[in-house]
Amino acid sequence: MIGMEHVRLAEAILASHLVIIAFNIAGLIVIPLGAALGWRIVRVAWLRLLHLGLLAIVAGQALAGRACILTIWQDRLEGGAAHPPPMIMHFINGLIYWDFPLWVFTVIYVAVFAYVVALVFFVPFWGTHRVAHRTP
């Protein structure tokens with residue numbers, strides 16, 4: 001039964017990976033859009049720092065010539081599984097794992113990270129969200 005345990009753990013890692021990917025992609029769109037529309041959520045420092053940190057990790061791993069740690073863990077678990085991964089995992093893997101050389105991903109991830117760093121300056125999340133105090 002150890003094979004199914006590996007598949008279940010690989011599924012959990014894949015689900016976590018999808019959440020992180022969705023968060024990162026959403027941030028690339030929501031931050032500039034929210035700034036233009038005056039959304040306060042784009043000024044939440046911990047969300048912006050989390051977004052910046054996650055993309056720094058992705059770009060750093062690519063620059064170091066390594067795949068994402070979640071990808072490595074999932075591959076190891078699926079490789080040790082006695083059963084093939086479920087069909088939905090196979091489909092999702094096809095969506096997020098593309099067959100390109102690592103340097104292509106490195107260029108993309110570094111460019112995306114540079115974009116997010118630029119957003120820090122164009123849509124700052126410090127000092128702009130203070131509540132104005134009114135005197136009676």
Side-chain angles (χ1 to χ4, degrees):
M1 195 64 171
I2 194 163
M4 282 308 289
E5 290 173 1
H6 282 200
V7 170
R8 297 293 177 234
L9 191 52
E11 287 173 344
I13 290 170
L14 180 60
S16 300
H17 207 173
L18 281 174
V19 169
I20 292 168
I21 291 168
F23 175 76
N24 284 337
I25 291 172
L28 300 175
I29 299 164
V30 168
I31 294 168
L33 180 64
L37 297 175
W39 297 348
R40 293 176 65 183
I41 193 163
V42 301
R43 309 288 182 186
V44 176
W46 72 267
L47 277 173
R48 295 285 300 279
L49 290 171
L50 178 62
H51 189 242
L52 184 66
L54 288 171
L55 287 168
I57 291 168
V58 169
Q61 286 178 329
L63 285 169
R66 291 189 50 105
C68 173
I69 191 67
L70 295 176
T71 301
I72 293 168
W73 290 344
Q74 182 183 341
D75 283 346
R76 286 184 183 162
L77 287 167
E78 288 176 352
H83 305 283
M87 188 175 194
I88 189 70
M89 277 185 73
H90 182 71
F91 174 75
I92 293 171
N93 283 337
L95 289 177
I96 66 174
Y97 300 121
W98 301 342
D99 191 22
F100 291 120
L102 186 59
W103 70 266
V104 172
F105 294 105
T106 302
V107 169
I108 292 169
Y109 296 153
V110 169
V112 168
F113 179 67
Y115 170 71
V116 172
V117 170
L119 285 176
V120 169
F121 295 101
F122 290 115
V123 185
F125 53 86
W126 62 88
T128 58
H129 57 281
R130 293 185 184 140
V131 177
H133 295 284
R134 295 184 185 180
T135 54

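Owing to the predicted nature of the structure, the values given are computational and were not obtained by experimental measurement.
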### Task
State plainly whether the residues Glu11 and Arg8 are in salt-bridge range, i.e. N to O under 4.0 Å.
yes
### Task
If you link ILVMFWY side chains whenever their heavy atoms are less than 4.5 Å apart, which other residues fall into the same cluster as Val110? By chain and number, please.
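Taking Ile, Leu, Val, Met, Phe, Trp and Tyr as members, Val110 shares its hydrophobic cluster with Leu63.
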### Task
Linking directly or through intermediates, with side-chain heavy atoms under 4.5 Å: list the remaining ILVMFWY members grouped with Ile57, chain and number order.
none
### Query
Any chain of hydrophobic side-chain contacts (each under 4.5 Å) joining Ile41 to Leu33?
yes
### Message
Applying a strict under-4.5 Å side-chain criterion to I, L, V, M, F, W and Y, I'd like to know whether Leu55 and Val19 cluster together.
### Response
no
Please give me the minimum heavy-atom distance between [X] and [Y], naming the atom from each residue.
| X | Y | answer |
| --- | --- | --- |
| His17 | Cys68 | NE2-SG, 3.7 Å |
| Val42 | Val30 | CG1-O, 3.4 Å |
| Pro32 | Gly27 | CD-O, 4.1 Å |

### Query
Can you list every ring pair (Phe, Tyr, Trp, His ring centres under 6.0 Å) pair that touches residues 26-62, not counting sequence neighbours?
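Non-adjacent pairs meeting ring pair (Phe, Tyr, Trp, His ring centres under 6.0 Å): Phe23-His51.
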Please list, one pair per line, the donor and acceptor atoms closer than 3.5 Å that link side chains of residues 113-123 to other protein atoms, with sequence neighbours excluded.
unit_1: Tyr115; atom_1: OH; unit_2: Leu28; atom_2: O; d: 3.1

How far does [atom1] of [X] sit from [atom2] of [Y], to the nearest 0.5 angstrom?
| X | Y | atom1 | atom2 | result |
| --- | --- | --- | --- | --- |
| Leu52 | Leu47 | CG | CG | 12.5 Å |
| Gln61 | Ile69 | CD | CD1 | 6.5 Å |
| Ile20 | Leu54 | CD1 | CG | 6.0 Å |
| Thr71 | Leu14 | OG1 | CG | 9.0 Å |

### Task
Applying side-chain contact (heavy atoms from CB on, under 4.5 Å), name anything that partners Leu49, two or more places apart in sequence or on another chain.
Phe125
### Task
For Phe100, check side-chain contact (heavy atoms from CB on, under 4.5 Å) against everything at least two apart and list the hits.
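Scan of Phe100 (side-chain contact (heavy atoms from CB on, under 4.5 Å), adjacent residues dropped) gives Trp98, Val104, Phe105.
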### Task
Could you tell me whether a side-chain N or O of Arg43 sits under 3.5 Å from a main-chain N or O of Trp126, the two making a donor and an acceptor?
no
